[in-house]
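Have a look at the structure below, then the notes.
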Amino acid sequence: MAISIKSEEEIELMRLSGRLASEVLDYITPFVKPGATTGELDALCHDFMVDVQKVIPAPLNYAPPGYKPFPKSICTSVNHQICHGIPGPKKLKNGDILNIDVTIIKNGYHGDTSRMFLVGKPSIAAKRLVNVAYEAMWEGIRAVKPGAFLGDVGHVIQRFAENHNYSVVREFCGHGIGKKFHEPPQVLHYGTNGTGAVLEKGMTFTIEPMINLGKRDVKEMPDGWTIVTRDRSLSAQWEHTILVTEDGYEVMTVSENNPDKYLQQ
Ligand code: MF3
Ligand code: CO
Ligand code: CO
């Protein structure tokens, strides 16, 4: 299937969906602290999305081929969990790092974004990983422009992460997004310059590198969703939905609380 090019009308709807997804992360930020459970964070986000924003939480009952329906409204991935963590009764503790991944549907269009959160005071090593993962995402975003190759995006992310002696997860990637949660293309977070699809104005896709402190190998948990690092090392991920513009990129998942504020030292 070809990569869809969004019309001006669709882009306007994608901007709204992107902002709403980002606003869920703004909303949940003050609730992320030691003692809170990821299940509580999910319930708060769910109610905010459904009752206040009047949007559909895309993860809830999402069931791609080969998966059972995802049972919650957000993904919460703690410490060595890489992605797709299922919110539950476990309490967050001082020093944890947490990814919250929000995807909403409004007017039939998706917005998908995630941020890392520091719970209490994580170690210097954990904070460094979180910050490098954030910068790796931005390296990728800055490579987006018409005529660039997807491989250019993956390449800069991989180079940046590996220069910091971290590894890049290969099994999961960014994705085209629009009327569908996951559309073509696959946006790999590693690769070679000048390879893969050529970017065109009007494409929308996510960039969401998963960066591990140890080895890149992953393992799926028996719940059928949660992905963890095989060596149990910490993992960090940030995600934005991006539009290819006339001369570069536009970040669609923006809101009042600029993500840069979450780059805690
Ligand atoms: N939001 C994730 C992504 O960035 C996908 C989560 S699928 C779910 O692509 F079912 F786990 F929610
Ligand atoms: Co995504
Ligand atoms: Co996501």
Side-chain angles (χ1 to χ4, degrees), residues 3-4 14 17-25 28 38-39 41-43 45-46 49-50 55-78 81-88 98-106 109-117 133-134 136-137 140-141 144 150 153-154 157 168-189 203-211 218 220-228 235-243 251-255 259 262:
I3 305 173
S4 72
M14 292 284 291
S17 296
R19 179 167 61 75
L20 288 163
S22 187
E23 283 176 354
V24 177
L25 292 172
I28 202 61
T38 51
L41 300 178
D42 172 73
C45 287
H46 176 91
M49 289 186 267
V50 172
V55 304
I56 299 168
L60 190 58
N61 296 316
Y62 183 61
Y67 286 83
K68 47 187 170 185
F70 192 81
K72 297 288 180 183
S73 296
I74 59 172
C75 297
T76 53
S77 305
V78 184
Q81 296 178 343
I82 296 170
C83 63
H84 304 167
I86 302 176
L98 165 70
N99 175 277
I100 301 183
D101 193 338
V102 168
T103 313
I104 67 95
I105 311 170
K106 182 81 171 182
Y109 286 86
H110 290 74
D112 187 8
T113 183
S114 80
R115 297 179 199 159
M116 293 301 295
F117 295 84
Y134 178 80
M137 173 187 69
I141 293 172
V144 172
L150 270 182
V153 174
I157 293 171
V168 176
V169 170
R170 307 286 179 106
E171 288 81 357
F172 299 90
C173 55
H175 49 91
I177 182 167
K179 282 195 184 131
K180 292 218 216 103
F181 194 159
H182 295 105
E183 319 184 335
Q186 294 196 6
V187 181
L188 305 182
H189 303 113
M203 290 178 175
T204 51
F205 52 81
T206 71
I207 297 181
E208 48 180 305
M210 287 141 273
I211 308 297
V218 312
E220 186 182 294
M221 297 304 281
D223 64 21
W225 275 104
T226 310
I227 305 298
V228 300
S235 186
Q237 175 180 33
W238 297 76
E239 175 177 24
H240 271 309
T241 298
I242 307 297
L243 165 71
V251 179
M252 310 200 91
T253 34
V254 288
S255 54
Y262 291 84

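All ligand and atom numbering here is 1-based and tracks the order in the structure.
For the pair Trp225 (side chain) and Cys75 (backbone), a donor-acceptor distance under 3.5 Å is absent. Here the side chain of Gln237 pairs a donor or acceptor atom with the backbone of Glu208 at under 3.5 angstrom. Between the Arg170 side chain and the His189 main chain, no donor and acceptor come within less than 3.5 Å of each other.
Evaluated for a side-chain contact (heavy atoms from CB on, under 4.5 Å) with Thr206, the options Thr113, Thr103, Thr241 yield exactly one hit, Thr241.
Taking every heavy atom of both residues into account, Ser255 and Arg19 meet most closely at CB-O, 4.3 Å. Between Gly178 and Met14 the shortest heavy-atom distance is CA-SD, 3.7 Å.
Of all N, O or S atoms in Asp112, the one lying closest to the Co ion (ligand 2) is OD2. Minimum-distance N/O/S atom of Glu208 relative to the Co ion (ligand 2): OE2.
Ring to ring, His84 and Phe172 are close: their centroids are under 6.0 angstrom apart. In this structure, the ring of His182 has its center less than 6.0 angstrom from the ring center of Tyr62.
Taking distance alone, with nitrogen or oxygen atoms compared against 3.5 Å, Asp112 approaches ligand 1 more closely than that limit. Looking at ligand 1, you'll find an N or O of Asp101 within less than 3.5 Å of one of its N or O atoms. An N or O contact shorter than 3.5 Å links His182 to ligand 1 by distance.
Given atom 4 (O) of ligand 1, the protein heavy atom at minimum distance is Glu208 OE1, 2.8 Å. When hydrogens are left out, the protein atom nearest atom 7 (S) of ligand 1 is Tyr62 CD2, 3.8 Å; that is the closest non-hydrogen contact. For atom 5 (C) of ligand 1, the nearest non-hydrogen atom of the protein is Phe181 CZ, 3.6 Å.
Angle subtended at the Co ion (ligand 3) by Asp101 OD1 and Glu239 OE1: 100°, rounded to 10 degrees.
In this structure, Phe172 falls outside the shell of residues with a heavy atom less than 4.0 angstrom from ligand 1. Ligand 1 lies nowhere less than 4.0 angstrom from a heavy atom belonging to Thr206.
Close approach to Pro59 involves these atoms of ligand 1, each under 4.0 Å from a residue heavy atom: 12 (F). Residue Thr103 approaches ligand 1 through these ligand atoms, each under 4.0 Å from one of its heavy atoms: 1 (N).
Contacts with ligand 1 closer than 4.0 Å are made by no heavy atom of Tyr67, backbone or side chain.
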| request: Report the C-alpha separation of His175 and Asp112 in whole Å, then their side-chain angles, then the decisive distance to 0.1 Å, and conclude whether the side chain to side chain donor-acceptor pair (under 3.5 Å) test is met. | output: CA-CA 10 Å; His175 49 91; Asp112 187 8; 3.0 Å; yes
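Side-chain contact of Ser17 with His110: a donor-acceptor pair under 3.5 Å is absent, judged by distance alone.
Residue side and main chain included, His182 places no N/O/S atom under 2.8 Å of the Co ion (ligand 2).
Remark: among candidates Cys83, Ser73, Cys75, the nearest residue to atom 11 (F) of ligand 1 is Cys75, based on non-hydrogen atoms.
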